[in-house]
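In what follows, chains carry the letters A, B, and so on, assigned in the order in which the sequence lines appear, proteins first and then strands, with residues in each chain numbered from 1.
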2 protein chains.
Amino acid sequence: MPLEIPEVVIDRLPMYFRLLTALRARGVSVVSSQELGDALNVTPAQIRKDLSYFGRFGKQGRGYSVQRLTEELRTILGLDQRWRMVLVGVGRLGMAIASYRGFEPQGFDIVGVYDVNPEAVGTELGGSLVVRNVSDLARDLEEQAVDIGIVAVPAGEAQAVIDVLVAAGIGAILNYAPTGAQVPPGVQVRQIDPVLSLQGMTYHLRRREA
Amino acid sequence: MPLEIPEVVIDRLPMYFRLLTALRARGVSVVSSQELGDALNVTPAQIRKDLSYFGRFGKQGRGYSVQRLTEELRTILGLDQRWRMVLVGVGRLGMAIASYRGFEPQGFDIVGVYDVNPEAVGTELGGSLVVRNVSDLARDLEEQAVDIGIVAVPAGEAQAVIDVLVAAGIGAILNYAPTGAQVPPGVQVRQIDPVLSLQGMTYHLRRREA
DNA sequence: GTATGATTGTGCACACTTTCGCAAGCCGCG
DNA sequence: CGCGGCTTGCGAAAGTGTGCACAATCATAC
C-alpha cells in the first residue's frame with residue numbers, strides 16, 4: 001500500500017465491513033458491488049474504487065466473495081487483534097457505555113474505568129471492573145498499555161482528561177463529551193454527540209415544510 | 001438563500017454554534033474567524049466561506065459579534081423552535097437516552113417512548129413519560145405531530161421501526177441501532193454507532209506503530 | 001482627519017472525490 | 001469450445017470543496 005489512502009475511504013470501510021458480516025451470517029457467499037451499493041446507498045463505482053486502493057478482491061462476472069472480502073477488510077482495518085480501552089467518567093452516560101455489549105464481540109475491551117467522584121471510586125461494575133480514581137490514570141497507563149480512551153465526563157472536564165490520555169501516549173480518543181477537543185497531531189479524536197447530529201437535521205427539516 | 005448550500009457546510013454549523021454558545025457564556029463579545037478556527041481546528045478561510053453562504057455577519061477589522069452570530073446560526077439551523085421527538089426502544093441504551101439531560105436545553109423534547117417488550121410497557125420513566133407499546137406508535141403519530149424519531153432497538157428490529165416512523169411522516173431519524181437504514185428520499189438518517197467510529201480509528205492506530 | 005493595523009468577504013486556482021465508460025476477465029450454457 | 005451476459009478494476013472526466021491572496025472596510029490612536 002504505497003499510495004496515500006483518502007480519509008473518506010477509510011471512514012466508509014467499517015460500513016462495508018458491518019454489512020459483509022451481516023451477509024455472511026445470512027449465508028450469502030458472493031455479492032456484487034451493485035448489491036452492496038443498493039444496501040448502503042452508495043454507488044457501485046464508489047465501492048469498487050474504495051476497495052481497489054487495497055487490492056483486487058473481486059472476480060469479473062461474479063462479484064466479491066463475502067468471506068474473502070470480510071477477512072481482507074478485517075486485516076485492513078486492524079480488526080484481527082483485540083484493542084484495549086479505558087473509560088473515563090461513570091455518570092449515567094459512562095455507566096451505559098460500560099455496560100454496552102456491542103464492543104467486546106467486535107474486538108474492543110474496556111480494561112479500566114475511572115472517575116473523579118470519590119463516591120463512585122471503588123464501585124464494582126458489571127464484570128470484574130472496579131472504578132478507580134482518575135488521579136491514578138496516568139500511573140496505570142504507564143504500567144499497562146492501552147490503545148484507546150473513551151471520554152464520558154462533563155464538557156468542562158473533558159480537555160483535562162484528554163490531556164492526561166494523550167500524555168500517556170494514547171493515540172485514539174472516543175469523545176462523548178459535548179465539546180471540541182484539542183490534541184496534538186497524530187492523535188485521533190472521534191466525537192459522539194447526538195445533539196450535533198440533531199442540529200444538522202433540523203436545518204433540513206425546516207426546509208422540508210416549505 | 002438562492003444558492004445550494006453544500007451538505008458539508010451544514011454539518012459544520014452545529015460545531016460553530018456550540019462554540020459560540022460557550023464563548024457567549026464566557027462573556028466573549030467579539031471573535032475573529034482566526035480564533036474560531038484555532039478552537040475548532042479548521043482554517044479561518046473555511047469559516048468565513050461557510051458563513052458567507054448565509055450572509056455577511058462580520059465586520060472588517062473586528063470580527064464577528066458573538067451574540068449576533070449565535071442568533072443568526074440559531075435561525076439558520078432552525079433552533080429557534082422546539083422539536084418533538086419519540087424514542088423507540090427502552091433497553092439499556094434507550095433508558096440512557098431517555099434520561100439524557102442534554103436534549104432539552106437545546107430545544108429537543110422527547111414526547112413519547114415506545115417498546116415492544118410487554119414488561120417494559122407501562123413503566124414510568126423519570127418524568128411524566130409512560131412507555132407505550134410500539135404497536136400504538138403509528139396511531140399516536142397521527143394524533144400528535146412529531147418531528148424526529150430516535151431508534152434504540154436491536155439491529156434486527158430497526159428497519160421495521162424505521163418503516164413505521166417514515167410511514168407516519170417523520171422526516172428525520174437518529175439511529176442508534178448498529179445497522180444501515182433504508183429510507184425514501186427526503187428522509188434524513190444520522191447514524192450513531194461508537195463501534196463504527198472505533199473501527200475507523202484502528203486503521204490509523206495500526207499504522208502509527210510502524 | 002488621517003495613518004495604522006486588523007479582519008472580513010470572495011474570485012480563483014488547486015486539490016480532492018465521485019462518477020463514467022470501457023477493456024479485460026469470468027461463468028455457464030448449449 | 002465458443003458465445004453471451006455479467007461484473008470488476010481503472011484511467012480519465014466531471015464535479016465538489018478548500019485555501020490563498022487581496023481589495024474593501026472598520027476601529028483606534030494620535
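The nearest whole Å value for the distance from the CD1 atom in A/I47 to the P atom in D/dG9 is 12 Å. Atom-to-atom, CZ of A/R12 to P of C/dC16 comes out at 15 Å; the value is rounded to the nearest Å. Between the P atom of C/dA6 and the CD atom of B/Q34 lies a distance of 12 Å, rounded to the nearest Å. What separates CD of A/Q46 from C1' of C/dT17 is a distance of 8 Å, to the nearest Å. A/F54 has its CZ atom 13 Å from the P atom of D/dC10, to the nearest Å. Summarising the geometry, the separation between CD on B/Q60 and P on C/dG9 is reported as 7 Å, rounded to the nearest angstrom. Remark: P of C/dT17 and CD of A/E4 are 10 Å apart, rounded to the nearest angstrom. Remark: P of C/dT18 and CD of B/E7 are 14 Å apart, rounded to the nearest angstrom.
Considering only side-chain N and O atoms, A/S33 lies nowhere under 4.0 angstrom from the phosphate OP1 or OP2 of D/dT7. At D/dC26, none of the side-chain N or O atoms of B/R56 fall inside 4.0 Å of OP1 or OP2 (strictly under the cut-off). Between B/T43 and D/dT18 there is no side-chain polar atom (N or O) within less than 4.0 angstrom of OP1 or OP2.
With hydrogens and angles ignored, a donor-acceptor pair under 3.5 angstrom links the side chain of B/R48 to the base of C/dG9. A donor-acceptor contact under 3.5 Å links the side chain of B/K49 to the base of D/dG19.
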### Task
Go through the steps for B/Y16 and B/D50 under the test side chain to side chain donor-acceptor pair (under 3.5 Å), then give the verdict.
CA-CA 10 Å; B/Y16 301 163; B/D50 286 352; 2.6 Å; yes
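In this structure, A/P44 reaches neither bases nor backbone, as no heavy-atom distance under 4.0 Å exists between it and the strands shown.
Across C/dT19, C/dT8, C/dC26, the shortest atom-to-atom separation from the side chain of B/Y64 is found for C/dT8.
Ion pairing between A/E142 and A/R139 fails under the 4.0 Å rule for side-chain N and carboxylate O.
Closest heavy-atom contact between B/R68 and B/R56: NH2-O, 4.1 Å.
For the pair A/D50 and A/R62, both in contact range of DNA chain C, the more 5′-proximal nearest nucleotide belongs to A/D50. Comparing A/A45 and B/A45 by the nucleotide of DNA chain C whose heavy atom lies nearest to each, the residue mapping closer to the 5' end is B/A45.
Atom CE of A/M85 is surrounded by more than 12 heavy atoms from other residues, nucleotides or ligands within 6.0 Å.
Within the cation-pi definition used here (under 6.0 Å to the ring centroid, within 45° of the axis), B/R207 qualifies as a partner of B/Y203.
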